[in-house]
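Worksheet: the structure to be examined is printed underneath.
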Amino acid sequence: MGSRFNQRDQKRKVNKIYNIAITIVSILIVIVAITIFLSDDDTESVKTTTEPKQIADKDQGKVDKPAGKGEEDSEKEVEDEDSKATDEDSKATDEDNKATDEDNKATDEDNKATEEDTDDKKAEEGTDSEKAGKAELVEVEGSGDGNVAATYTSESWKPVGTEQSGEHTTSFQKDSVDWNEMSKAIATGAGIDEGSMRMWWLQNGGSPNTAIGTVSEGDNPKTFRVHIEWVDGSGWKPVKVEELKTNDKR
């Protein structure tokens, strides 16, 4: 009887130990499960935290890449503007050169026109001299001077013109305006080119508005005494030419 009681008591103790052990194991299992679950949450959290960072990095990389492309576009735009500005400068330079060429052309045309006017003036002067040389001379009675071979006059003689204005005063000062105009009238009367005419003598003709010049063509011994008179507003005009036998003013 007593032995059976002891067996039960032992069996009860063993069951109690088993129950305690099972409880401990169950607690450990729960602890391990909680630990694993918490560990999984941390991993997911870390993964979740890492992935946005990676996504952000990727997004930043994507943003940086267009930014670099924008810089390239900006540089290209600046180069295009520089090229455009250079083209405009070149165009402006071409226009300036064209304007300069046109100005030079206009200047050349003006110079050409001036030369033509000068040539026309010279031709006109030459024509006047030729007309004077070819003037229809009429021989008239002379003054009785023994040194005069012949005396001529012509209705084709006209005043040679003048630059003077106002009241006229005859001037025998060489190279004065009045002197030069008298020289031109004398050359016209003698039929000699003024450029080759040699003035041997120039004197008053007996009144304030008359003069007499003795001239020849260079050293040509043929000498003329030309009488001229002043016409108001029109200048000096030849009125009589005497062909001399000898140059009495040499």
Between CD1 of Ile34 and CD1 of Ile27, what distance do you get to the nearest 0.5 Å?
10.5 Å
Whether Ser234 side chain and Val231 backbone form a donor-acceptor pair below 3.5 Å
no
In terms of hydrophobic clusters joined by side-chain contacts under 4.5 Å, are Val239 and Val138 together?
no
What distance do Gln164 atom CD and Asp232 atom CG have between them, rounded to the nearest 0.5 Å?
10.5 Å
Going by distance alone, is a donor N or O of one side chain under 3.5 Å from an acceptor N or O of the other, for Glu155 and Trp157?
no
For a side-chain contact (heavy atoms from CB on, under 4.5 Å) check, start with the C-alpha distance between Thr170 and Asn204, then their side-chain angles and the critical distance, and finish with the verdict.
CA-CA 9 Å; Thr170 303; Asn204 183 273; 5.5 Å; no
Side chains of Thr162 and Glu181: donor-acceptor distance under 3.5 Å anywhere?
yes
Is there a path of hydrophobic side-chain contacts, each under 4.5 Å between heavy atoms of I/L/V/M/F/W/Y residues, joining Leu202 to Leu244?
no
Answer yes if the side chains of Thr246 and Asn147 hold a donor-acceptor pair under 3.5 Å, and no otherwise.
yes
More than 12 heavy atoms of other residues, nucleotides or ligands under 6.0 Å from CD of Glu139: yes or no?
yes
Would you call the rings of Trp230 and His168 parallel, tilted or perpendicular, where under 30° means parallel and over 60° means perpendicular?
parallel
Side chains of Thr153 and Leu137 in contact at under 4.5 Å (non-hydrogen atoms)
no
Positive for side chain to side chain donor-acceptor pair (under 3.5 Å) with Arg198, one of Thr214, Asp219, Asn247:
Asp219
Full working for side-chain contact (heavy atoms from CB on, under 4.5 Å) between Glu242 and His227
CA-CA 8 Å; Glu242 295 175 326; His227 298 251; 3.4 Å; yes
With a 4.5 Å limit on heavy-atom distance, are the side chains of Lys249 and Met199 in contact?
no
To the nearest 0.5 Å, what is the distance between OG1 (Thr223) and CD (Glu243)?
9.0 Å
Shared ILVMFWY cluster between Val140 and Phe224, side chains joined below 4.5 angstrom?
no
Gap separating the CH2 atom of Trp236 from the CD1 atom of Ile186, nearest 0.5 angstrom:
9.0 Å
Would you please say whether a donor-acceptor pair under 3.5 Å links the side chains of Thr210 and Ser207?
yes
Membership question, hydrophobic clusters at under 4.5 Å side-chain separation (ILVMFWY): are Trp200 and Val241 in the same one?
no
Short side-chain to backbone donor-acceptor contact, Asn19 and Asn15, under 3.5 Å:
yes
Examine distances only and state if a side-chain atom of Ser196 and a backbone atom of Glu217 form a donor-acceptor pair shorter than 3.5 Å.
no
I'd like to know whether Asp145 forms a side-chain contact (heavy atoms from CB on, under 4.5 Å) with Arg225, so could you lay out the CA-CA distance, the side-chain angles of the two residues, the decisive distance to 0.1 Å, and finally the verdict.
CA-CA 12 Å; Asp145 187 339; Arg225 184 188 294 152; 3.2 Å; yes
Applying a strict under-4.5 Å side-chain criterion to I, L, V, M, F, W and Y, I'd like to know whether Leu38 and Ile29 cluster together.
no
Between Ile228 and Ala185, the two heavy atoms sitting closest are CG2-CB, 4.0 Å
Checking Lys245 side chain against Gly146 main chain: does a donor-acceptor pair fall under 3.5 Å?
yes
Strictly distance-based, threshold 3.5 Å: is any side-chain N or O of Ser26 a donor or acceptor partner for the main-chain N or O of Ile22?
yes
Approximate separation, where rounding is to 0.5 Å, of Lys184 NZ and Met197 CE
12.0 Å
Heavy atoms only: give me the nearest Pro238-Val226 pair and the separation to one decimal.
CB-CG1, 4.4 Å
Smallest heavy-atom separation, Lys222 atom then Ser216 atom, equals O-CB, 3.3 Å
Nearest non-hydrogen partners of Glu136 and Ser156, listed with the distance
N-OG, 4.0 Å
The reported gap from CG in Asp178 to OG1 in Thr169 (rounded to nearest 0.5 angstrom) is 8.5 Å
